[in-house]
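What you see is a predicted model, and the numbers here were worked out from it, not measured in a lab. Each ligand, and each atom within it, is numbered from 1 in the order the structure gives. We use all heavy atoms of the structure for the numbers below, so side chains are in, but hydrogens, waters and symmetry mates are not.
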Amino acid sequence: MSNLFDPIAGENFGECTTCNQPMATEKDMHDHWASNEGKGHRVRVMNPPRAQQIRNHVQRSVDEAMSSFYSEMDSLIAQGHLTEEEAKNAMKTAFVDVADGWEEYSSA
Ligand SMILES: [Zn+2]
């Protein structure tokens, strides 16, 4: 397995944008929030754990696929093949479950 989605070894998880304190791990972030409760300290995550890197990638890919779908629908509407109202009505009945879709795709 490659290390594409692994966090960079030796690099901090993130840092506080309010007081610039570096945080080695996600736990450090929660501890920092706990000790600065109510003071509005915000953390910028630069090197998230593997699971979060994978979630970010999946979300970006789904967003891109949706953007491509909307662009295609926009073209069909612009070409006069259907009205925006017809497209919107059909979209309301479209069902998307990314995980179920994967099960179907990967077992075919
Ligand atoms: Zn802070």
Phe69: partners by ring pair (Phe, Tyr, Trp, His ring centres under 6.0 Å), with sequence neighbours left out: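 Not a single residue meets the ring pair (Phe, Tyr, Trp, His ring centres under 6.0 Å) criterion with Phe69.
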Side-chain donor/acceptor of Asp74 to backbone N/O of Tyr70, under 3.5 Å: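 Not confirmed, Asp74 side chain does not pair with Tyr70 backbone.
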Side chain to side chain donor-acceptor pair (under 3.5 Å) involving Asp6 - partner list, sequence neighbours excluded: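 Once residues adjacent in sequence are excluded, the partners of Asp6 under the side chain to side chain donor-acceptor pair (under 3.5 Å) criterion are Arg50.
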Protein N/O/S count near the Zn ion (ligand 1) (criterion: distance under 2.8 Å): 4
Closest heavy-atom pair and its distance - Gln53, Leu4: OE1-O, 4.5 Å
Non-neighbouring partners of Asn36 that pass side-chain contact (heavy atoms from CB on, under 4.5 Å), sequence neighbours left out: His32, Lys39, His41
Val45 side chain near Glu15 side chain, heavy-atom distance below 4.5 Å: no
